[in-house]
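Below is one structure, written out as structure tokens, with a few remarks after it.
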2 protein chains.
Amino acid sequence: MSATHQELTRNQTLVLDTLAKADGPLSAYTILDRLRADGFRAPLQVYRALEKLLGFGLVHRLESLNAFVACAHPHCHAHGLIAFAICEDCGQVDEFSDEVVRERLGAWSSQNGFKAEKTTVEIRGHCASCLAA
Amino acid sequence: MSATHQELTRNQTLVLDTLAKADGPLSAYTILDRLRADGFRAPLQVYRALEKLLGFGLVHRLESLNAFVACAHPHCHAHGLIAFAICEDCGQVDEFSDEVVRERLGAWSSQNGFKAEKTTVEIRGHCASCLAA
DNA sequence: CTGCGCAATGTAATATCATTACATCCGTTT
DNA sequence: AAACGGATGTAATGATATTACATTGCGCAG
Ligand SMILES: [Zn+2]
Ligand SMILES: [Zn+2]
Ligand SMILES: [Zn+2]
Ligand SMILES: [Zn+2]
């Protein structure tokens, strides 16, 4: 159950490449459509690949969008807490970490006897480029 | 467009009461089922009421659950940033605010020219009670 | 080599969550 | 009364995700 991953399977590679090439988050069904030419036929093929990729930390799920993005920093394994800034106009997603936020939420958990498994931080709004336009 | 609200309509009252009586988050369709006896027949009746209640700040949406909860502090209008700790075992939700987290995410937004509209902070894990058991 | 176990895959069906489109009702304004 | 707007009722559809079961391919024990 380490954070490292061995070789990806064909389906996992196809899904990851699709996300990496995309210029924003994709829904599972959009991924499916883009992989029809590669033989994908059913949602489960996408969801199974995503499940593994999420486990490897190569892909993130955006809960407020029901969509997925390739990790922007796939080399820094085990980033503790990840935050996303999502532009509602252009769809661009900025992935960042904030140690203070992580520490504060950790402190709340400790004080309340809560054992955190996964933390979601998503900011919806408008990016600098879109505000300029 | 103020945060205050006038009288709630019948449907809004029914939906809010259902959420307030529940011991955890409810999906829109669960709310619908619980209101069949009151004449609810279609999802839209629930979604329309939720839309207003969300606007009034009387209800929150949990993005990672696709579910809704009554606000735990309905009297303090305009709470800036709200975080949720969600127990995956018992479903209990703890709603809290952290000024430091709000300030740090605000700082990131300022530095990156991002205009935040809505921020989601959700911690999934196990509550103290469930850990004890 | 053969048969076994296991992970990945293929396929269909179904469950769950959310919105669009259009008709109707009802209180307020003119 | 007629016009208007907000709330509601109803049906249909779209979008997201999971369950169930069959099949394939590969490493390895016998
Ligand atoms: Zn990442
Ligand atoms: Zn943008
Ligand atoms: Zn609240
Ligand atoms: Zn619990």
Side-chain angles (χ1 to χ4, degrees), chain A residues 1-2 4-16 18-19 22 24-56 58-69 86 88 91 118 120 122 124, chain B residues 1-2 4-16 18-19 22 24-56 58-69 86 88 91 118 120 122 124:
Chain A
M1 228 305 277
S2 82
T4 65
H5 61 277
Q6 48 279 22
E7 290 302 302
L8 297 179
T9 67
R10 167 181 154 86
N11 284 4
Q12 288 160 17
T13 302
L14 287 167
V15 168
L16 181 57
T18 301
L19 283 173
L26 299 180
S27 76
Y29 277 75
T30 301
I31 296 170
L32 173 58
D33 285 341
R34 297 194 182 182
L35 290 175
R36 298 246 181 229
D38 295 287
F40 274 48
R41 309 280 311 166
L44 200 48
Q45 296 175 283
V46 176
Y47 282 109
R48 283 203 277 230
L50 285 171
E51 183 179 23
K52 294 293 186 179
L53 294 169
L54 288 166
F56 295 150
L58 297 174
V59 161
H60 302 298
R61 175 184 172 88
L62 301 177
E63 300 287 356
S64 67
L65 248 40
N66 292 335
F68 304 85
V69 285
I86 303 165
E88 314 219 290
K118 179 169 193 316
T120 298
E122 298 178 13
R124 304 281 297 269
Chain B
M1 227 302 280
S2 83
T4 66
H5 61 276
Q6 49 277 22
E7 290 301 303
L8 297 179
T9 67
R10 168 182 153 84
N11 284 5
Q12 289 160 18
T13 302
L14 286 167
V15 168
L16 180 56
T18 301
L19 283 174
L26 299 180
S27 76
Y29 277 74
T30 301
I31 296 170
L32 173 59
D33 286 340
R34 296 193 182 182
L35 289 175
R36 298 247 181 229
D38 294 287
F40 274 48
R41 308 280 311 166
L44 199 48
Q45 295 175 284
V46 177
Y47 282 109
R48 283 202 278 230
L50 286 171
E51 183 178 23
K52 294 292 185 180
L53 294 169
L54 288 167
F56 295 151
L58 297 174
V59 161
H60 301 298
R61 175 184 171 88
L62 300 177
E63 299 288 356
S64 67
L65 247 43
N66 292 335
F68 304 85
V69 285
I86 303 165
E88 315 219 288
K118 179 169 193 316
T120 298
E122 297 178 13
R124 304 282 297 270

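Note that the coordinates shown come from a computational prediction; the quantities given were computed from them, not determined experimentally. The chains referred to below are lettered A, B, ... by the order of the sequence lines, with proteins before strands, and numbering in each begins at 1.
- Between B:Asn66 and C:dA18 there is a side-chain N or O to OP1 or OP2 distance below 4.0 Å.
- Taking the side-chain hydrogen bond (donor to acceptor under 3.5 Å, both in side chains) definition, one finds that B:Ser27 meets it with B:Thr30, sequence neighbours left out.
- The CG atom of A:Leu32 sits 11 Å away from the P atom of D:dT16 (whole-angstrom rounding).
- For residues 44-53 of chain A, there are no salt bridge (charged side-chain N to carboxylate O under 4.0 Å, His left out) pairs, not counting sequence neighbours.
- The side-chain heavy atoms of B:Phe68 and B:Leu54, taken from C-beta on, include a pair separated by under 4.5 Å.
- Atom CG of B:Leu65 and atom P of C:dT16 are 14 Å apart (whole Å).
- In this structure, B:Glu63 places its CD atom 13 Å from C1' of C:dA18, rounding to the nearest Å.
- For A:Arg48, the side-chain atoms get nearest to C:dT11 when compared with the rest of D:dT8, C:dT11, D:dT10.
- Place A:Ala42 and A:Lys52 on DNA chain C by their nearest nucleotides, and A:Lys52 ends up nearer the 5' end.
- What separates CD of A:Glu7 from C1' of D:dG25 is a distance of 17 Å, to the nearest Å.
- The phosphate of C:dA7 (OP1 or OP2) has no side-chain N or O of A:Arg10 nearer than 4.0 angstrom.
- For B:Gln45, no side-chain nitrogen or oxygen approaches OP1 or OP2 of D:dT8 to under 4.0 Å.
- Residue B:Tyr29 has no polar side-chain atom (N or O) positioned under 4.0 Å from OP1 or OP2 of C:dT16.
- Of the listed nucleotides (C:dA12, C:dA18, C:dT19), C:dA12 has the atom at the smallest distance from the side chain of A:Leu44.
- OP1 and OP2 of C:dT16 both lie 4.0 Å or more from every side-chain N or O belonging to B:Ser27.
- Whole-Å rounding puts the B:Ile31 CD1 to C:dC17 P distance at 11 Å.
- When rounded to the nearest whole Å, the span between CG of B:Leu62 and P of C:dC17 equals 13 Å.
- Between A:Arg61 and D:dA17, a side-chain N or O to OP1/OP2 separation shorter than 4.0 Å is present.
- In this structure, B:Phe56 atom CZ and D:dA7 atom C1' are separated by 12 Å, rounded to whole Å.
- Residue A:Thr9 has its side chain nearest to C:dA8 when only D:dG9, C:dA8, D:dA7 are considered.
- Nearest to the side chain of B:Pro43, among D:dT10, C:dA18, C:dT9, sits C:dA18.
- Under the 3.5 Å distance criterion, the side-chain polar atoms of A:Gln45 are left unmatched by any main-chain donor or acceptor of A:Asn11.
- Regarding A:Leu50, its CG atom lies at a distance of 15 Å from the P atom of C:dA8, rounded to whole Å.
- Using a 3.5 Å distance cut-off with no hydrogens or angles, the side chains of B:Glu63 and B:Thr120 do not pair a donor with an acceptor.
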